[in-house]
Structure formats: structure tokens, C-alpha cells
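Taking it in order: structure first as C-alpha cells, then the write-up.
Throughout, protein chains are lettered first and strands after them, A, B, ... in sequence-line order, and every chain is numbered starting at 1. These values consider heavy atoms only, across backbone and side chains, with no hydrogens, waters or symmetry-generated copies.
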Amino acid sequence: MTDTPTPRGTDLPPAWEPAAVEPELYEGWVAAGYFTADPASEKPPFTIVLPPPNVTGSLHMGHALNHTVMDALTRRRRMQGYEVLWLPGMDHAGIATQNVVERQLAGEGLSRHDLGREKFVERVWDWKAEYGGKILDQMRRLGDGVDWSRERFTMDEGLSKAVQTVFKLLFDDGLIYRAERIINWCPRCRTALSDIEVEHSEDEGELVSIRYGDGDNAIVVATTRAETMLGDTAVAVHPDDERYRHLIGTEVVLPLTGRRIPIVADEHVDPEFGTGAVKVTPAHDPNDFEIGRRHDLPSLTIMDTSGNITAKGPFEGLDRFEARPAVVAALREEGRIVAEKRPYLHSVGHCSRCDTVVEPRLSLQWWVKVEPLARAAGDAVRDGRTQVHPPELAKRYFDWVDNMHDWTISRQLWWGHRIPVWYGPNDEVVCVGPDDEPPAGEGWFQDPDVLDTWFSSGLWPVSTLGWPTATDDLAKFYPTSVLSTGYDILFFWVARMMMFGLYAMDGKQPFDHVYLHGLIRDAQGKKMSKSRGNVIDPLDWLDRFGADATRFTLARGANPGSDMALAEEWAAGSRNFGTKLWNASKFALMNGATTAIPVPARDELTDADRWILDRVDALVSEVDTLFEGFQFAKLCDALYHFTWDLFCDWYLELAKVQIADGRVDATRAVLGHVLDTVLRLLHPVTPFITEVLWKALTGKESLVVAEWPTVSGHTPDAGAASRIEGAQRLITEIRRFRADQGVKPGQRVTARLSGVDEVGLSAHIGSVTSLARLNAPEGDFNAGASLEVALAGGSVTVELDLSGAVDVAAERKRLTKDLTVAEKELAQCEAKLGNPKFTDKAPADVVAKIQTRRDAAAAEIARVQARLAALPTG
RNA sequence: GGGCGCAUAGCUCAGCGGGAGAGCACUCGGUUUACACCCGAGCGGUCGCAGGUUCGAAUCCUGCUGCGCCCA
């Protein structure tokens, strides 16, 4: 006999209380060094760099989802024997952080200019030390298995060096240049923004039509920004537009200013739109700027950096939104307003940081010439070095990368990486590398601007590993394996990291896979937003439901590329699942489930044992396949279904019968093996509860560093599966009959089964009797009611002593329903089989299947009809 | 204006050429010595509309309607 270890279940607390144990478990993992990566390891590498959250930010559901994904991926790989590096950190979020600290200063009645640049930057560092990086602690609560020893910040010395290095390289390659163009300007942040930092929305404005010139010379233009007319330097019409042909080359007087401006012909004017004539304000509109360039028009800047009018005259000093109605009123006064449309819905750009309406502004800025970089970034995906999941989103990536405009990288801020360019007294421009001495002496000064935060976070996959130094980390862990992020920031993250990673690493892609998850929405599928009041705080869920439940909820909703709806009920459901797993494990342990006894040879096992072991095998390979395909929702469903519907609802119940029958050790071994496997498979998604249960089951150190399950290699026992499914069917039918008859679930009913041997279920009578709560007949058995259950190979008749009135009406209702279903099925099958086109053209196996279904339906009809006929009338 | 995606049970979604599925919600019954955060049984859908392809369409094609997203 095997020496059975003492059951361990009694060691477990009676209930799972995540909040009480999770922090301690987490700190234990960190202390044990499980998450610390070793570049000298012989194991194959698996690397994820965390898309750096904003230093001012705190954990929201989008993070929680993304972190769950990354943690699940890294935990599985660690269990599979990879040398895993998941590298954490934050970016310095130039505008956002500067805004936060400026607001703090404003509370003290100060501006950053009162402090001066140096003191202000010190103040930002102080702020960071005190308040920054809340999210890092929140990551611990989620259970993120990141390597804290490698935590990075984009403003760190090493990463700053990487920024300066890449700037110098790009500059020397002619891929960074300085130019005066129309850029997106935020008059509140008082800095330039890149295209993707501008969010467009359909806003209500006005469309005002203004007559320029008089008499035959008059021409009407329409605008939504009337105040910009102060900066007009031309009117443009299409060269083929008959209406205006006679005016081309002439001049009109610009109202309110008295300036004479030319009427020019430009191919890009749409004659169909409005009057077909457009006002041209080269300094305040990107299209107009292009027209101005083509026609050599002067550019008049009429606003300052805060959006106040600077044009001399009555409007000077007015904010642009005050100037707009003032200008319209003045024009109306002069009788020049031809039409006004209000409200007029049109697309307006807003600063993605502060929502202020962006002002196009002519300005001298630094740019990245993206064409060669973007082409390389596209090619890496085109030729499969980097794979996008789901692949549908690759198209969106190409659309963007292949049509990318040059990137404005200078920001008029103080917090960030200062542009490493010095200007000399004689218009010298010197780009300084990290190891160069900046030019000194009279008249030399450094560019005052800083770089876009994305310029440094685009380097993240290389700079965090030590680039430009050829470190061991870089050698071991680059290219990274997966980049995981929401599809909404595909352009921010993926494109920029791809461009810089490929450039810095001589064409070696920064990641092998890009996984794009969807956006979090509320239960109605609406976007979460503060104004809607439908935001769910992940910290609230962590408190109330625990990290595992939060993570499981998010992973279970994560279908690649599609958004997910969330509500508290979902989290409660996940918590319930955890409780179920807890109770089932506790029960198994109380009954001696163990991994210390090897699972006996197959021929010593019962049908139930072989069935559940085969299902576990199938589960392992299914979960593996789904993990490889980033199918988190499906793998969670598979685990949920197996655990609850197969393991708890059936195998545990069957195991009770087996143990009662004296099959103790084998059952303990099978219980132990199944539970062990399930806990391992669940661990990447729900690390905490599985850790506690697994330690109780195995007595080993930690599931974090346990091996990932593999399939046993046994050929599935189809016979066992079929018999178990037959027994399940029989049990369910009896339960259903009992429910129809109004028998209480707990009440034992005397029953006589016949036909059991013929369908091969003789070994399962005990299970059926137990799970259907039957008693063996003895003495005065009164078979008052009976049912017949059709199974593969025959049918089983169950006679029941209901010791009371049989509800014939309920039974008739049930049988009639069964009959209707069978008749419908028969009709459908016969219709197909009666169609010669079907029998000729459909594949033989499909035809055979329909024939089988027809025969089964016919038999079922006969059986049900016979039973209906045998029913007592009335 | 250009492009993309989605319309399947009350809700959120899976299925994407041969028997309409899951979770939650709902109904009925329940002190079944693991679990009421539970157990057992059930109800619920001409798969947005109209055409087409096919022996066969929720699944492929076209058009329409509605919703959403991205870009300009």
C-alpha cells in the first residue's frame, strides 16, 4: 500500500480573503528574487518592457488590463523555463508634469518664471520624489511580476544619454532638421504639439461669409475663424473658376485693415465648397501656409503665444475668442457680413493634455524627417519580423506609418530633455553628442526647448536595456518578445518605438510581437469618462474583490482588438469563481488529494479518472494554443468551464462516490494531479489564490517558479468519455424528471433501473444512484412513474416510486415538448435527404451524419409517442 | 470628406459554410456535512433589413439602415 500523506486541507483558512494575504505573498515573491532577470542565464530569454506609464498618472482599468496581459504572458514563460525580464518604469510626461507643478506653484501665487528654469526643474524633481509614481505601488497590488531592480525613468541619466545619442545620430544623418512651419500650438500650455497630440471633435461654431472688396471687384469668403482675417494676405480661387477668372491677379482691400491683398489662382481651392473663394492666412492655417508658399505671399502672425491678438488696431490684446465676435461685429457695422450660420458644426482640434482649442501657428521648430524611419517601421511588420495581433490592426498601422508627416519634436517647456543644440554668435548651429563638450564662450547658447516626451519613450525598448552601451542586458533581452498596449495608442507607442528601435539597433526590430487589446467600456459599452461618471476604479475592485478577481475579469474580457464592457457583476462573478476554486480545493485536500502519490497506470483507473485526465490533457493543449494566439478571453473561459462544470460539478461528485467505495489512493492521486494542473494553468492569470492552494497541495516552495504543465501523451479513452457522458445524461434526465414531478432536490427516491448493462453503464450505477439521489428498491416498491433515457447503444428505463400522486400533466408536457423537438429535427433531415442535389453534391460524411440524425429522430419520435400513449389519461 | 469596424438570447459577447452558444440577468425548487460568493432544473433568439452565390448561409458577396472608431 502507498503511504498516504496527511490531508492538508485543514491547514487552509476557511475562506479566501485576498486583501489579507495578497500583499504579503507579493512581497515574498519579490524578496525571493523570482522576478529578477539574469542576463548570464542559459535559458532562452523572454522580454517585455512595460509601456511606461506617465509619472503623474495612477492606475486605471486600461492599465490594469494591459498589466494583467503582460503579467500572464511573463508568468507563463517563466514557468516554461524562460529567462523572463519584465521591465518597469515611467515616462516624465513633459506637458502633464509641468502642468501639475505649475498648478502647485500657482497655489503659492508663483509662476515658473518666478523660479527660473533651474529652480523650476528642481521643483519638478521634488514633486516627483514626493507624489510621482503612485502607479508603481498600485502595480504591486495587481501582482505585477516586474523586475524592480531594473526600474527606469525616461529622465534618468542613462536614458537621457540615449536621447542625446540618438538625437546626435539623427542630426548627423540629416534626419533631424529645423524649419519654420505651421504647427499645432496650445495657447494654454504655450508649446508646440505634434499631430497625434491633437484630438479632433465636432464642435459648434459659426460660419461667417464676408465680402471683401466692392462692386465688380467684390468677392465673398467664408470662415469659422473670423478673427484670422486680420492676418489675411490673399484671397485664393480655382484657376478654372469662371466666376472669378476676371479677378485673378487683381487686388482687393481687406476690410478693417485697409490693406490691399492679391487674388491668386490655386489648384487646391475647391470651387464647389462655399463660394469657391477662400481667404488666405498663411501664418495661421496649414493649407493657407501652403498656398502662401506657392504664391510667395507674406505671413502675418496676428496672435501671441497665448492666443491674444497682436495686430495693431482696435482688437489688439483681445483673446482670440473675444476677438472673433468683435471682428464680426465690426464687419457687420461696415455691411460686409453676407451670411452667418450659427451654430455651425465643424471639426476643431483640441490639446490632448488640457483640451484647449489648438491654434495653428507659424513657428520655428525641430523636426524628425520620418520617411526613412517610418518605411523601416512598416517593413518590419510587412516582412513578418514583427507580428501584430490581431493581424487586422496591421492595416491600420501601415495606413499611418506609410502616410506619416514629419514629426515636430521641440516643446516650449522646461521639463524634459533639452535639445542638445548650441547656437553661436555667427549663426553657427552645433549639435552636441553625449561625450562632446558643448561650445563655450561669448555669444554661444543652448536651444531653450526640450524634446517631446515621445522622443525619449520611443527609445524605451533600447534605452532601458542600456543602449547606447553594449550591455549584457541588451545582448540577452533585445529584441523584446512582446509589446502589449491598447490599439488606441498604436501610433504613439508602436510606431515610434519601431522607428527608433530599428534605427538604434541597426535594423533589429524592438519587438517580435505586438499585442493590441481593446478599450475598457462600461456595462452598456459606453466609453468610461469622468464626465459620464461611469469610471470604475481598479483600486476599488482590488479592495473589494481582490487582485485575482480583477485580473480574471479583465483577462476574460480580452478578445484581441475588441473593446470590453465591464461592470461590477463581472468582478463579482470572478470572485465567485475564486471562491469556487477555493472550496473545491479545500474539499479535495480534506479528502487527501495529493501529488505525492503517482497517478496509477491507466488500466487501474476508473472511467471517471480516465475521462477527467483526458480532459485535463485537452485543457493543457487548448490553453497553450490560446496563449500562443493571445486569446486571453477564450483561455479564461476554457479554464472556467473546466474547473466549474467538469471538475467541480462532475469529477468531484464522482470522486466522492469512488472514495466511499474504497478507491481512496487512486482517487487522491487523480484529484491531486487534476488540481495541480488546473492551479498551474490558472496561475498566470490568478497568481495569488493559486499560489496558496498549490502550496497547500504540494508543500513546495512556490508556484511562481513551478513548471508549466505539459500533456501526458496518453491516447484519450473514447470509451470512458462516452460512458461518463452517458452517465451524465442519465443523471441529468432523472434530475429533470424529478424536478418536473416536483420532487425536492435533496429527497431520496426509490428507483429501479433497467437496461443499464446493455448501454455499458453497469459500473456507473453507484454514481447514478448517488448523484440522482436514488435509493435501491426494497420490499414494497411501487413503480408509480417511469422515464426512458435514450443513450448511445440503447435506452435505460428508470422506474420511480414517488410514493404519492404522479404529475401526469407535467410528464405529458415534457414528452410533448420532446416530441415537437424530435419532429422538427426529423422534418429538417428528411427535407435534406429528399433533395437529390444535396445527396449528390454534399460530402459523403455530411450526408451520413444527416442520415444518422434522421434515424435517431425517428426512433425518438416512436419512443416518445409510445410513452405518451402509455400515460394514464386525465 | 477619406478609411476601418460592428449589428447573434434582457445585457455583454463568442461562433464566421453543414445540428444557434457562454457569462450575467430571469423563473422554479433546495439546511444535498467543499461551496447560498452555492446546488439542481428551466425559460429565452425568423443571428439588423433586402437581394445574390451555394445542394446548404448567422457564417461568403452586393446594397440599405443604424451604431462606433480612426484619419483629414
Regarding [X], tell me which of base, sugar-phosphate or nothing describes its non-hydrogen contacts under 4.0 Å with the strands shown.
X	value
E825(A)	base
Y640(A)	sugar-phosphate
D488(A)	nothing

Determine whether a donor-acceptor pair (one donor, one acceptor, N or O, separation below 3.5 Å) exists between the side chain of [X] and the base of [N].
X	N	answer
E653(A)	A34(B)	yes
R396(A)	C4(B)	no
R735(A)	G40(B)	no

Consider the side chain of [X], meaning its heavy atoms from C-beta on, and name the nucleotide among [options] that approaches it most closely.
X	options	value
R575(A)	C37(B), C55(B), A72(B)	C37(B)
F587(A)	A34(B), C55(B), U32(B)	A34(B)
T732(A)	C37(B), A41(B), C55(B)	A41(B)

Phosphate-side-chain proximity, [X] and [N], N/O vs OP1/OP2 below 4.0 Å:
X	N	answer
K744(A)	G30(B)	yes
R738(A)	A41(B)	no
S562(A)	G68(B)	no

Next item on the list: Tell which nucleotide pairs with A14(B), taking only Watson-Crick or G-U wobble pairs whose two distances are both under 3.5 angstrom.
Entry: none
Notebook entry, point to check: Is G1(B) paired to anything, Watson-Crick or G-U wobble with both distances less than 3.5 Å, and if yes, which nucleotide?
Noted result: C71(B)
Check: Using 4.0 Å as the upper bound for N to carboxylate O, is an ion pair formed by R225(A) and E359(A)?
Finding: yes
Item checked: Lys/Arg-Asp/Glu bridge criterion (N-O < 4.0 Å) met for D807(A), R812(A) -> no
Margin query: Using the P atom as the point on both nucleotides, what is the distance between G45(B) and U54(B), in whole Å?
Written below: 33 Å
Item checked: Gap in Å between the two P atoms, one belonging to A14(B) and one to C71(B), rounded -> 23 Å
Margin query: Please check: side-chain N/O of D285(A) versus main-chain N/O of T281(A), any donor-acceptor pairing under 3.5 Å?
Written below: no
Check: Rounded to whole angstroms, how far apart are CG on N835(A) and P on U54(B)?
Finding: 14 Å
Next item on the list: Between R556(A) and W650(A), just flag the one whose closest nucleotide in RNA chain B comes earlier from the 5' side.
Entry: R556(A)
Check: Taking side chain as C-beta onward, heavy atoms only, is L566(A) less than 4.5 Å from T553(A)?
Finding: yes
Check: Which of these, V743(A), L774(A), T750(A), V806(A), sits in a side chain to side chain contact (heavy atoms under 4.5 Å, CB included) with L800(A)?
Finding: L774(A)
